[in-house]
Amino acid sequence: MKETETVAFGPVPSRRLGRSLGINNIPPKFCSYSCVYCQVGKTINMTRARRSFYKTEDIFEQVKRKVNETNQRKEPIDYLTFVADGEPTLDVNLGNEISLLKQLGIPIAVITNSSLIWQNDTKEDLMEADFVSFKVDTVSEKLWKRINRPHKDLKLNTILEGISDFADEFRGTIVSETMLIDGINYGVEFGKTAEFLKQLKRLDKAYIAIPTRPPTESWVTPAKEETVNEAFQVFSEKLGANKLEYLIGYEGNAFSFTGRVEEDLLSITSVHPMREEAVKEFLKKTNASWSIIEKLLLEDKLVELDYAGKTYYMRKLPSRNLFTE
Ligand code: SF4
């Protein structure tokens, strides 16, 4: 089997991207970070130097073949997504690959840790995409070093400036992702990160995420519901709640309803927390009673949280057992 034969995978369902055909353009595991929560394993090759990993034509052929197979099954593809076993922008051919793949007529997304976005060549490559998701877990040097464990030559301020410059110029969909883990004293960090995101010229959505698969470091567990809710509330004060969504391991959808009250409530609360008043209103509209909430709380599917004197309901986070098995 040729090395590139595992480059294209899926399509897989993704809330951010619909049906996404994945492109793994980096062999495991070359990265400029070694995040404590990384779900791809340890960074064996820590690097910030861009280089060629596969031939551009080989990547194109593999993706084209996968697209044809998917078309034959009459399955739709919403995005071709660079989501790698490492950092996709380390691939020096990324821009050429995107240009070539555009022939297939499907929008192209890149999920990046943003560590190289300040470099002109990386920025120009990302400009070719239709959708870019960039990582900002923190804007504080100390936490950044603790959580993302960056390559020693990288500078957080330069990266943040690079993100701002990119957001000034990029015309596609641009979203951020902030991963939260337990055991970190975030303190005023949520406010500072939200402030940074707020000053960006453009940001379509800010995602608040938790790790949903076993992380590299065994001490890492996902942030608790209280922390996730606090981050949501602090971010929404700066950015507006409509700009925010959770990525917590459920494919919830806050905008399409099945008419089944329980299902819809769980779907909404897996995308964002709901204030008590909003839950009451929702129940009234659907002619349902509060006993549904009590049942979901009892079944451990929903959690009740207090923040700044208000009560919120959010989807219970996925079992933490998978992190200790
Ligand atoms: S940037 Fe992504 S691939 Fe790299 S270590 Fe962090 S989570 Fe893993």
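One-based numbering, in listed order, for ligands and for the atoms of each.
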Engineer: Could you find the nearest protein heavy atom to atom 8 (Fe) of ligand 1 and give me its residue, atom name and distance?
Structural biologist: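 That would be Cys38 SG, 2.3 Å.
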Engineer: Determine, for Tyr313 and Arg275, whether the Lys NZ or Arg CZ falls below 6.0 Å from the six-membered ring centre while staying within 45 degrees of the axis.
Structural biologist: no
Engineer: Taking the side chain as every heavy atom from C-beta outward, state whether Tyr246 and Asn229 have any atom pair closer than 4.5 Å.
Structural biologist: yes
Engineer: Which is it for Glu87 and ligand 1 at heavy atoms under 4.0 Å: side chain, backbone, both or neither?
Structural biologist: neither
Engineer: Is any side-chain N of the basic residue among Arg48 and Glu87 closer than 4.0 Å to the acidic one's carboxylate O?
Structural biologist: no
Engineer: Do Asp182 and Lys224 meet the salt-bridge criterion of a basic N to acidic O distance under 4.0 Å?
Structural biologist: yes
Engineer: How close does the nearest protein non-hydrogen atom get to atom 1 (S) of ligand 1, and which residue and atom is it?
Structural biologist: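 Minimum-distance protein heavy atom for atom 1 (S) of ligand 1 reads Asn113 ND2, 3.4 Å.
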Engineer: May I ask you to identify, for Cys35, whether its side chain, its backbone, both or neither come under 4.0 Å of ligand 1 on a heavy-atom basis?
Structural biologist: both
Engineer: Can you tell me which portion of Ala84 lies within the under-4.0 Å heavy-atom range of ligand 1? Options are side chain, backbone, both, or neither.
Structural biologist: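 Neither part.
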Engineer: Yes or no: does Lys29 have any heavy atom under 4.0 Å from an atom of ligand 1?
Structural biologist: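 For ligand 1, residue contact (heavy atoms, under 4.0 Å) with Lys29 is present.
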Engineer: Should you measure from each heavy atom of Cys31, which atoms of ligand 1 turn up under 4.0 Å away?
Structural biologist: 1 (S), 3 (S), 4 (Fe), 5 (S)
Engineer: Identify whether the distance between the nearest side-chain nitrogen and carboxylate oxygen of Lys201 and Glu169 falls below 4.0 Å.
Structural biologist: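 Looking at Glu169 together with Lys201, the answer is no, because their closest N to O distance does not fall below 4.0 Å.
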Engineer: Between Arg315 and Tyr250, is NZ or CZ placed under 6.0 angstrom from the six-membered ring centre and within 45° of the ring axis?
Structural biologist: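 Yes.
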